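Before any comments, here is the structure.
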Amino acid sequence: MSDQPDQKNAPPVPVPGDDIHHLEAQRRTNRQKVCELGLDPYGGRTDGLLSLRDAAERYDADADAEHQSGSKEDGYVDRRLAVKVAGRVVLHRDNGKLVWMNLRDQSRDSLQVAVSKRDATEAGFGLSKAADIGDILVVEGPVMKTRAGETTVWASDVQSASKCLVPPPEKHSGLADAETRARQRYLDMWVNPETTRVLALRSKLISHTRRFMEGRAFLEVETPVLQAQAGGAAARPFITHMNALDMQLYMRIATELHLKRLVVGGMGRVFEIGRIFRNEGVDKRHNPEFTSMEAYQAFGDYETMAELTETLIRELATLSAGFWRDAGEDRAEGSLTLPFADLSIDYARPFDRVTYNELFERALGFASSDTDRVWAEAQKRGLIGKYARHLKDEDREIGSAGASDLRGKIDDALIVNELFEEVAEASLDPARPTFVFDYPSALSPLTRPKRDEPQIAERWDLFIAGMEIGPAYTELNDPDIQEAKFREQLSGLDDEESTFRNLDEDFLRALKVGMPPAGGLGLGIDRLVMLMCDRPSIRDVIAFPFMRPE
RNA sequence: GGGGGCGUAGCUCAAUCGGUAGAGCACCGGCCUUUUAAGCCGUUGGUUGUGGGUUCGAGUCCCCCCGCCCCUACCA
């Protein structure tokens with residue numbers, strides 16, 4: 001819809017119609033006033049702009065003092081530095097022949113500008129009188145300080161760069177409604193500068209991660225999002241359709257199997273930062289599409305990936321502490337302790353390390369190998385029945401029987417893991433980043449077992465603030481073992497799962513070509529950003545999180 | 001999937017036992033050349049998320065639906 005007549009220089013006219021809110025109609029009238037001043041409300045290319053932050057730093061106290069001393073004789077030259085800035089109007093105070101405004105841009109929440117009838121152009125002054133909160137203005141003039149000591153651009157000219165037709169949120173309490181903030185992120189960003197900062201830091205964290213990986217000789221690659229079968233993780237995929245071939249396709253649920261193919265092909269170190277899609281529940285820690293980094297390093301193992309991960313996260317924490325300090329919020333307490341919710345998380349100290357079985361025994365008071373006590377404890381906590389709900393249909397009847405009947409039907413390791421997730425994970429200190437090493441092989445069928453302890457898989461999970469940040473593995477590279485474990489896993493699927501989970505024959509063919517031993521890593525980037533920004537909801541660190549249609 | 005809460009002016013929020021829908025900010029008009037959420041004076045602004053029901057009377061009580069939040073479950 002355009003309300004702009006074809007004739008050049010013709011001012012835009014208010015769109016007629018009764019459905020326009022009176023506040024918007026008023027702003028359309030104010031836009032008309034801008035046109036009548038001979039100005040284009042929507043501006044154009046503007047060279048020589050300084051950020052508000054840079055402009056404020058151009059303040060010259062001596063020149064300002066000289067100017068304000070009043071002794072302006074014939075040869076007086078204003079030595080104050082003139083700047084040109086642009087920003088969105090966040091406050092507007094009309095004092096009659098002097099208009100005060102505060103502008104906001106990405107570099108600075110607010111910089112004051114003053115437009116006086118005496119010193120500004122006639123059009124610029126008129127524009128300032130007609131300006132609405134939310135308009136984007138270009139202001140040119142010297143940097144000075146007011147009597148109250150506030151750095152101010154004293155305008156010689158003002159231009160309009162864009163007109164805001166939408167009534168703004170309340171200027172003090174702002175925009176609080178979480179739904180509106182997520183749906184109209186552009187509005188949230190204007191009103192709540194913190195939102196823009198979070199998205200800016202997210203960008204810097206991803207960029208730094210990329211440089212970090214490249215510094216370690218990893219190549220960034222891109223693998224398919226649209227796949228005939230979605231493999232590499234146990235998650236429900238989104239289904240889509242390809243018209244040209246009239247076939248069903250899936251959105252990827254992991255990048256793993258393709259990255260490993262590249263390792264087979266000879267790329268020894270690869271990583272991909274990209275979007276993963278999982279057709280599962282949505283809550284404050286899960287968005288249907290999220291960003292992961294997966295990395296594979298030939299001739300490494302899970303220890304290699306632990307060192308890499310810990311170093312990377314420490315660097316990201318350093319970057320974040322510096323970012324918040326620059327933004328005027330010195331969040332880091334001590335050397336590298338960042339807040340998250342009510343926690344203080346110390347990234348400077350070496351991360352804690354504990355093995356799965358150690359943590360189990362510490363939290364439960366008995367060894368995971370003590371199957372009698374494992375079953376008794378699980379039954380006491382009601383975890384058997386909970387587990388039985390996952391059973392295949394033919395086993396479900398057994399599930400309604402007592403726990404004693406189930407023993408022997410369910411792998412002990414699965415019951416151990418129910419206790420582990422319920423009790424042991426919860427016992428971790430959320431303020432201490434912790435690697436949990438050495439999961440039972442029965443839980444990680446696609447991971448390489450320890451040479452001397454085949455019941456233990458070379459896998460760790462990193463937990464910070466109670467969140468799983470990512471797993472890493474020593475990858476299985478024996479194609480026959482891999483195939484056997486794939487088949488074993490597939491045989492345990494229920495009807496629904498088996499509709500979208502198939503044996504990836506091509507991946508097995510790739511392994512037969514020969515993959516070097518390798519360490520593999522998966523990191524949840526969104527959750528890392530949550531930690532670095534102290535945002536407890538994943539929706540706050542994704543610019544456009546999933547929302548039901550309005 | 002289950003339980004709980006919320007939805008009122010552009011925004012932030014009130015509205016007693018079911019009894020005339022209000023305030024602040026924003027907006028509009030007037031005054032004002034060093035203001036700081038500027039100030040002073042005067043206005044304007046509502047399909048109380050949608051649809052139905054009970055009642056003399058519903059923002060308030062009941063039911064359906066929509067959306068959001070929290071807890072829980074599921075899921076890596």
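The shown structure was predicted, so the numbers you read here are calculated from the model rather than taken from an experiment. Values reported hereafter were calculated over all heavy atoms of this structure, with side chains retained and with hydrogens, waters and symmetry mates removed. Below, read A as the first sequence line, B as the second, and so on, with proteins coming before strands; counting in each chain starts at 1.
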Open item on the list: Check this for me: R58(A), atom CZ, are more than 12 non-hydrogen atoms of other residues, nucleotides or ligands nearer than 6.0 Å?
Closed with: no
NA contact type, [X], heavy-atom cut-off 4.0 Å: base, sugar-phosphate, or nothing?
{"X": "E425(A)", "value": "base"}
{"X": "A148(A)", "value": "base"}
{"X": "L23(A)", "value": "base"}
{"X": "R548(A)", "value": "sugar-phosphate"}
{"X": "N30(A)", "value": "sugar-phosphate"}

Determine the Euclidean distance between corresponding [atom1] atoms of [M] and [N]; express it in Å to zero decimal places.
{"N": "G30(B)", "M": "U35(B)", "atom1": "P", "answer": "24 Å"}
{"N": "A15(B)", "M": "C56(B)", "atom1": "C1'", "answer": "22 Å"}
{"N": "C61(B)", "M": "G19(B)", "atom1": "C1'", "answer": "15 Å"}
{"N": "C69(B)", "M": "C25(B)", "atom1": "P", "answer": "31 Å"}

TODO: Map E179(A) and H172(A) onto RNA chain B by nearest heavy atom, then report which one ends up closer to the 5' terminus.
DONE: H172(A)
Open item on the list: On RNA chain B, does the nearest nucleotide to R539(A) precede the nearest nucleotide to D177(A) from the 5' side, or the other way round? Give the residue.
Closed with: D177(A)
Could you go over nucleotides 2-4 of chain B and give all protein N or O partners under 3.5 Å, atom names and distances?
none

TODO: Walk me through it: do N357(A) and S368(A) pass the test side-chain hydrogen bond (donor to acceptor under 3.5 Å, both in side chains)?
DONE: CA-CA 6 Å; N357(A) 284 328; S368(A) 61; 2.7 Å; yes
- [ ] For C28(B), take OP1 and OP2 only and decide whether either is under 4.0 Å from a side-chain N or O of Q26(A).
- [x] yes
TODO: Could you encode protein contacts along nucleotides 38-49 of chain B as a string, one character per nucleotide from 5' to 3', using B for base contact, S for sugar-phosphate-only contact and - for no contact, with a heavy-atom cut-off of under 4.0 Å?
DONE: B------S----
Task: D132(A) side chain, from C-beta outward: closest of C28(B), U12(B), U35(B) - done: C28(B)
Open item on the list: From NZ of K129(A) over to P of C28(B), roughly how many Å is that when rounded to an integer?
Closed with: 12 Å
TODO: Salt-bridge test for R535(A) and E194(A): reply yes if a basic N is under 4.0 Å from a carboxylate O, no otherwise.
DONE: yes
